[in-house]
Amino acid sequence: MTTYSLPFSEMFEEYFNSPEFSDLLFYVGDPTETFYANRIILASSSEFFSQSLYITNPDLSIMRAEFTLTGVQPQVFKEYLKFCYTGALNPKSKNLQALRKLSIQFQTPTLLNLCNRFQSIPTTISAFSIPVPLSKPVFYNTEHSEEGKNTNNSTNGSKKKNVGNLNLDLKKQTTILNQEQEQQNLSTQKLDDNNNQIIEKEKEKEKVKEKEIGKVNEKNENKHEMMIENVQGNETEKEIEIEIEKNENKHEDKIENVEGNKMEKQKIQEKEQKIEQKIEQEKDKEQEKEQEQKQEQEKEIRKEKDKRKKTQVYYQESQEKLFHYFKPVRKIRIAIITGERDISYLQNVSNLILKSDTIESVKVFRGSTETPTFNELKQFDAAFIYTSDEPFHDSVAIGDLLVRYVKDGGGCVIASINCLDSSDDKQIDGGIINKRFLPIEKSPALINKKSRLNKKKILQNHPIMKNVSNFDGGSYSFRIETKTINEGAKIIATWEDGCILAAEMSSRHAQIAGRIVVLNFWPPSSEIDKNCWDSKSDGHLLISNSLEYVSFKLNNEFKC
């Protein structure tokens, strides 16, 4: 039978549906058939698997992940897997229409184009509804960010080395210029010394000659008088005038030499000034280069911060979308850690949580008398913490226990009253507060100020707000008066007066594996206390949805 094949490597055909080296296991159809696959093959062919299989979870990269697919025929899924491994498709297959729908669901454009061509259908995706996002989100990767930091550090290091070379060149230039200046200063000093010696010698000679000229003049005067007297002084007067002129010419030559030396000094000074100006200009250039390098480094740091923020947003959104698409196969177990003394109040809170079909059981730990161990708490999928009458036995130990629990991948929901009431002695403490893992800070309590859910300021698509249409806090509306969140946190819902009703902390920002959610109200309802939140509203959904959301993990078993 002839087949049409895309340009695809055939070297993976021997690993098709082979248990060896496989890291994915699918249970397909009813009755179910098992299929083995490799996530790198599916991720390279399907945009859907590329998004859903590589969202962060360290356990998923080590262990084999198992999935259950309902509503898909085993024969169709088998042909789909074979296409992913070989790139081959039988044009006369009876399952072309089903394969076309599956290629749209799993976002496999190459298979969709072939099915359209064999069925003479234009290539389009809008004909079917797609339950997963088409756009491929970019997820935060700590290893990648560390590599980016290392590369940036290396580039910064190279820049610093280049700056160091520039400084060495300038030092060499300045030393050469200083040597030239010293040589020039020595030459000028020698010239000054020689000129001073010459001037002093000339002055001494002038003094001697002036004395001689004075003597000669005296003699000439005497001779002139004698010549006048003897009428023989004409010749002697001429000789004296000639000698005087000669002496005057010599004196003028000496003055010209002194002025020439002064000009040489001025030239040397001008050269020194030019050298100093060049050095200053080079220093200015170096400073400009250093400023440019600093600006470039700041730009790179800003880019890295922007990338981290984007990856945090993409990570959070993808987790929420997966929570909507996948549902846990088994029911979850909840641990309540409380200082509640009244059994009727405890029973009311437990019944509210057990209204959810996905929650199997609830176990209560009396935190007012003892603190549960990590091994005890690790057996549960999520922890719910609240108190009322009595403080915790050891609030610091409970705070440290919750940090260890969420770092290990557990989910945590904390009711702010009275755990985060700064005006009460029942507040929680320890690492959960000191390490700023909570989305909001401690704040004084608000009581007897009736309020309700602000429907205009909620995240409509967030899993915690699923089927939540209204929430009435009752006549007291217990809450703390906080309206701001910590860095890396997200507001999910608010009260009408602007106080936060529900918020979560990004696990990437807090560097933890699990999720942390704070509900800003007291859990008991009006069924047990008329002053509490109205039981006819959706408060029980806020609690159960939060516990389901924080317990969601990729390494659990899921079905579509």
For Glu33, give me all partners under salt bridge (charged side-chain N to carboxylate O under 4.0 Å, His left out), at least two apart in sequence or on another chain. none

The ring-ring contact (aromatic ring centres under 6.0 Å, His included) partners of Phe77 (sequence neighbours excluded) come to Phe26, Phe35

Compute whether any side-chain donor of one residue and acceptor of the other, for Thr358 and Glu548, lie under 3.5 angstrom apart. yes

Determine whether the side chains of Glu340 and Thr387 contain a donor N or O and an acceptor N or O closer than 3.5 Å. no

Side chain to side chain donor-acceptor pair (under 3.5 Å) filter on Asp538, not counting sequence neighbours, yields Ser469

Taking only residues two or more places apart in sequence or in another chain, which ones pass side chain to side chain donor-acceptor pair (under 3.5 Å) with Thr482? none

Distance under 6.0 Å and angle within 45° of the ring axis: does Arg515 meet both against Tyr549? yes

side-chain contact (heavy atoms from CB on, under 4.5 Å) assessment of Ser443 paired with Leu420: CA-CA 7 Å; Ser443 181; Leu420 301 180; over 6 Å; no

Salt bridge check, Arg452 against Asp497: does any charged N sit closer than 4.0 Å to a carboxylate O? no

Qualifying residues under side chain to side chain contact (heavy atoms under 4.5 Å, CB included), relative to Ser395, sequence neighbours excluded: Phe392, Asp429

Residue pair Asn454 / Glu496, side-chain donor-acceptor N/O under 3.5 Å: no

Heavy atoms of other groups near Gln73 CD, more than 12 under 6.0 Å: no

Aromatic contact between Phe521 and Trp495, with the criterion being ring centroids under 6.0 Å apart: yes or no? no

Donor on one side chain, acceptor on other, Tyr85 and Asn17, under 3.5 Å: no

By side chain to side chain contact (heavy atoms under 4.5 Å, CB included), which residues pair with Lys303, not counting sequence neighbours? none

For Asn95 and Gln75, does a side-chain donor sit closer than 3.5 Å to a side-chain acceptor? no

Identify, with sequence neighbours excluded, every residue that meets ring-ring contact (aromatic ring centres under 6.0 Å, His included) alongside Tyr80. Phe106

Sub-4.5 Å side-chain heavy-atom contact between Asn486 and Pro439: no

Side chain to side chain contact (heavy atoms under 4.5 Å, CB included) partners of Lys378, counting only residues at least two apart: Phe374, Asp408

Partners meeting side chain to side chain donor-acceptor pair (under 3.5 Å) with Asp534 (sequence neighbours left out): none

Got a sec, which residues hit side chain to side chain contact (heavy atoms under 4.5 Å, CB included) with Ala397, two or more places apart in sequence or on another chain? Thr371, Asp394

With sequence neighbours excluded, residues passing side chain to side chain donor-acceptor pair (under 3.5 Å) with Asn470: none

Would you give the length of the straight line joining atom CD1 of Ile428 to atom NZ of Lys442, rounded to the nearest 0.5 angstrom? 8.5 Å

